[in-house]
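Step one of this worksheet: look at the structure below.
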Amino acid sequence: MKEDAPAHAPNVSLAKLFGVFLYVGGTSFGGSVIAYLRDHLVSRQEWLDEDQFLAAAEIGQTVPGLISTNAAVIIGGHLRGAAGAIAAAVGMTLPGAIFVFILGLMYAQFKSNPEVGAVLSGVGAAAVGLILATTLQMGAREIKKWQDWIILIPAFVVVGIYHISLVPVAVLVPIAIQFNRPEAKELAAYHAQQASYHAQLAEHHEEVAARHAAATAESSS
């Protein structure tokens, strides 16, 4: 699939990174930001695959702050390190900060205007549609086992009906982690991969140190 193409972080300039997040932050509304982010980063720019985007969105959901801003920091850091995280976060939040400042000045004067209310209702309906589309696309990949429904249904009830957002984090997250613990062979394969990587890294450092020592000895002789 096209969305699964990127196997590793592509070479993205800070200007391009900032520009894409600035565009997303300036053209998305409310909860539709995640939908826009997925569309631009996975489908259009192909900077991330579906699993990488889902991981960023999941981490952004489980830490304090706005999901979209958290995801921007995570994705920017993945693509360009600390500078990328700052560029993505500023690009994502700058348009909203400017718009909210301007709209805040205007809202007091026009809040009773029925046409303004109709526009806001339309924007809200579009945002709900975008969130639903993204939820269906992400859910199709993430809900794989019957245990996932044990997490999904209580989370929907406590957040969607009773508006208690801390319960899924404090209670359901440990249960979800327990249900999705990797098998022993997966952990063994991961640790073997990490050991191989560190061995290669150590060998590289030894080669660099040897070349440096040889160059130092040659220059001093």
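- Considering all non-hydrogen atoms of both residues, W47 and K16 come closest at CZ2-CG, 3.5 Å.
- Scored by the side chain to side chain contact (heavy atoms under 4.5 Å, CB included) test, E183 finds K185, E186 as partners (sequence neighbours excluded).
- Contact between G26 and P95 at its shortest, heavy atoms only, is CA-CB, 3.5 Å.
- Applying the ring-ring contact (aromatic ring centres under 6.0 Å, His included) rule to F156 yields no partners; only residues at least two apart in sequence or on another chain are considered.
- A continuous path of Ile, Leu, Val, Met, Phe, Trp and Tyr side chains, each step under 4.5 Å between heavy atoms, connects L22 with I98, placing both in one hydrophobic cluster.
- With rounding to the nearest 0.5 angstrom, the OG atom of S68 is 11.0 Å from the CD atom of Q61.
- Applying the side chain to side chain contact (heavy atoms under 4.5 Å, CB included) test to F101 and every residue at least two apart in sequence or in another chain returns L105.
- Placement of I74 and L54 in two distinct hydrophobic clusters is found when ILVMFWY residues are connected by side-chain heavy-atom separations under 4.5 Å, directly or transitively.
- Residues passing the side chain to side chain donor-acceptor pair (under 3.5 Å) test with D39, sequence neighbours excluded: R44.
- The nearest pair of heavy atoms linking R80 to L14 is NH1-N, 3.4 Å.
- Put simply, CG on L41 and NE2 on H78 are 10.5 Å apart, with the number rounded to the nearest 0.5 Å.
- With sequence neighbours excluded, the residues forming a side chain to side chain contact (heavy atoms under 4.5 Å, CB included) with E203 are E207, listed by chain and number.
- A donor-acceptor pair under 3.5 Å is formed between the side chain of T216 and the backbone N or O of H212.
- Tracing side-chain contacts under 4.5 Å through hydrophobic residues (I, L, V, M, F, W, Y), one never reaches L79 starting from V73; they form parts of separate clusters.
- A 4.5 Å side-chain heavy-atom check between F21 and T93 finds every atom pair outside the cut-off.
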Report the C-alpha distance between F53 and I34 in whole Å, list the side-chain angles of each, state the deciding distance to 0.1 Å, and finish with yes or no for side-chain contact (heavy atoms from CB on, under 4.5 Å). CA-CA 10 Å; F53 180 80; I34 288 295; 4.2 Å; yes

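- Residue Y197 shares its hydrophobic cluster (ILVMFWY side chains chained together at separations under 4.5 Å) with L201.
- We find the NE2-CD distance between H198 and Q193 to be 10.5 Å, quoted to the nearest 0.5 Å.
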Intermediate values then yes/no, side-chain contact (heavy atoms from CB on, under 4.5 Å), I59 and N70: CA-CA 8 Å; I59 296 171; N70 294 340; over 6 Å; no

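- Closest non-hydrogen pair, L17 versus G76, comes out as CD2-CA, 4.1 Å.
- Residues V33 and M92 form a side-chain contact, since some pair of their non-hydrogen atoms from C-beta on lies under 4.5 Å apart.
- Closest of all the heavy-atom pairs between P154 and W149 is CD-O, 3.9 Å.
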